[in-house]
Amino acid sequence: MRVLLVEDDDLLADGIAAGLALAGATVDAVRGIADGRHALGCGAYDAVALDLMLLDGSGLDLLRDMRAAGDRTPVLLLTALDEVADRVRGLDAGADDYLGKPFDLDELAARLRALARRKEGRAAAKIAWRDLVLDPATLGATVSGRPVALSRREFIVLQALVERPGVIHSRAELEERLYGWQEGVESNAVEVYVHNLRNKVGRDAIETVRGLGYRARVAP
């Protein structure tokens, strides 16, 4: 899950980003509306966590711009404002959910997973494909009911592939899922993770499409 966090409190933003990373998310954090617009124009996100009260204006302005442009990325509003009218304004402006400060990081992660799940058209919290079951809440995986130990980044790659079996994901797309802006991208990281995953979940589970990328194999 790739998340855009728009929060102008640096200490809070760092804490949120670190907590979400532990929950398996890749987070890009920006401080204001202008940077948020730029980020949304440069990449695709599974969800946006958006503070309402920003140094350069209201987060609702960014939200309205997104919806006016046809951007359907799920948005979770983060705010210290807890009046009903504030929640109503945010939801009516196009927000998908609302979380008042202070909040628990586990709840934030769960709400963002729910938004990303609905975006993908899934109702179930777990992802089942062939004999594999992934649990994004715990980063756990089983094959034929047997637990399989995956690193955080192995889980991210595998989830990206099995969420949309048969769809080719380029190396660049997978790198975007794996790394935030401030993280260095290892030159052969995707290849290494795919190699490890084949050893753990089955050699025929992930297919290499030469020159294009990787996909979860549809045929048994």
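Quick note: numbers below take in every heavy atom, side chains included, and nothing from hydrogens, waters or symmetry partners.
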From [atom1] ([X]) to [atom2] ([Y]), nearest 0.5 Å:
{"X": "L197", "Y": "E154", "atom1": "CG", "atom2": "CD", "value": "5.0 Å"}
{"X": "T73", "Y": "L40", "atom1": "OG1", "atom2": "CG", "value": "6.5 Å"}
{"X": "R87", "Y": "T79", "atom1": "CZ", "atom2": "OG1", "value": "10.5 Å"}
{"X": "Y193", "Y": "L161", "atom1": "OH", "atom2": "CG", "value": "14.0 Å"}
{"X": "D10", "Y": "R31", "atom1": "CG", "atom2": "CZ", "value": "4.5 Å"}
{"X": "Y45", "Y": "L4", "atom1": "OH", "atom2": "CG", "value": "5.0 Å"}

For this session: For the pair N196 and E191, evaluate side-chain contact (heavy atoms from CB on, under 4.5 Å) and give the outcome as yes or no after the intermediate values.
Result: CA-CA 9 Å; N196 292 343; E191 289 83 354; over 6 Å; no
Exercise. Between D71 and K119, is there a side-chain N and carboxylate O pair less than 4.0 Å apart?
Worked result: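 Salt bridge between D71 and K119, a charged N being under 4.0 Å from a carboxylate O: no.
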Can any side-chain N or O of [X] pair as donor or acceptor with the backbone N or O of [Y] at less than 3.5 Å?
{"X": "H169", "Y": "G213", "value": "no"}
{"X": "K200", "Y": "A149", "value": "yes"}
{"X": "E7", "Y": "D9", "value": "yes"}

Exercise. Mind checking what makes salt bridge (charged side-chain N to carboxylate O under 4.0 Å, His left out) contact with R198, not counting sequence neighbours?
Worked result: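 Result, salt bridge (charged side-chain N to carboxylate O under 4.0 Å, His left out) vs R198: none returned.
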Exercise. Mind checking what makes salt bridge (charged side-chain N to carboxylate O under 4.0 Å, His left out) contact with E173, not counting sequence neighbours?
Worked result: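 So E173 forms no salt bridge (charged side-chain N to carboxylate O under 4.0 Å, His left out) with any residue.
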What residues form a side chain to side chain contact (heavy atoms under 4.5 Å, CB included) with [X], not counting sequence neighbours?
{"X": "E207", "answer": "R215, R217"}
{"X": "D92", "answer": "V88"}
{"X": "H195", "answer": "N199, R203"}
{"X": "V162", "answer": "I127, W129, L132, L134, L158, A216"}

Exercise. Restricting to pairs with a member in residues 158-168, which pass side chain to side chain donor-acceptor pair (under 3.5 Å), not counting sequence neighbours?
Worked result: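 The answer is Q159-E163.
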Problem set entry | Candidates R67, R117, R118 - the one meeting salt bridge (charged side-chain N to carboxylate O under 4.0 Å, His left out) with D96 |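 Among R67, R117, R118, the one meeting salt bridge (charged side-chain N to carboxylate O under 4.0 Å, His left out) with D96 is R67.
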[X] and [Y]: which non-hydrogen atoms are nearest, and at how many Å?
{"X": "V30", "Y": "A39", "result": "CG1-CB, 4.5 Å"}
{"X": "L139", "Y": "L22", "result": "CD1-O, 4.1 Å"}
{"X": "F155", "Y": "G140", "result": "CE1-O, 3.4 Å"}
{"X": "P136", "Y": "A125", "result": "CD-O, 3.4 Å"}

Exercise. Hydrophobic clusters join Ile, Leu, Val, Met, Phe, Trp and Tyr when side-chain heavy atoms are under 4.5 Å apart, directly or via other members; which others share one with I168?
Worked result: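 Grouped by the 4.5 Å side-chain rule, V209, L212 form the rest of the cluster around I168.
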Exercise. Remaining members of V27's ILVMFWY cluster at a side-chain heavy-atom cut-off under 4.5 Å?
Worked result: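 Same cluster as V27: M1, V3, L5, L12, I16, L20, L76, L78, L99, F103, L105, L108, L112, L115.
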Exercise answer: donor-acceptor pairs, residues 50-66 side-chain atoms, under 3.5 Å, sequence neighbours excluded:
residue	atom	partner	partner atom	Å
D51	OD1	K101	NZ	3.1
D56	OD1	I33	N	3.1
D56	OD2	I33	N	2.9
D56	OD2	A34	N	3.3
S58	OG	L60	N	3.1
D65	OD2	R37	NE	2.8
D65	OD2	R37	NH2	2.5

Problem set entry | With sequence neighbours excluded, residues passing side-chain hydrogen bond (donor to acceptor under 3.5 Å, both in side chains) with E107 |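 Once residues adjacent in sequence are excluded, the partners of E107 under the side-chain hydrogen bond (donor to acceptor under 3.5 Å, both in side chains) criterion are R111.
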Problem set entry | Of all pairs that satisfy salt bridge (charged side-chain N to carboxylate O under 4.0 Å, His left out), the ones with a partner from residues 134-152, not counting sequence neighbours |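 Output for this query is empty, none listed.
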Problem set entry | Worked check of side-chain contact (heavy atoms from CB on, under 4.5 Å) between I156 and T26 | CA-CA 9 Å; I156 290 172; T26 299; 4.1 Å; yes
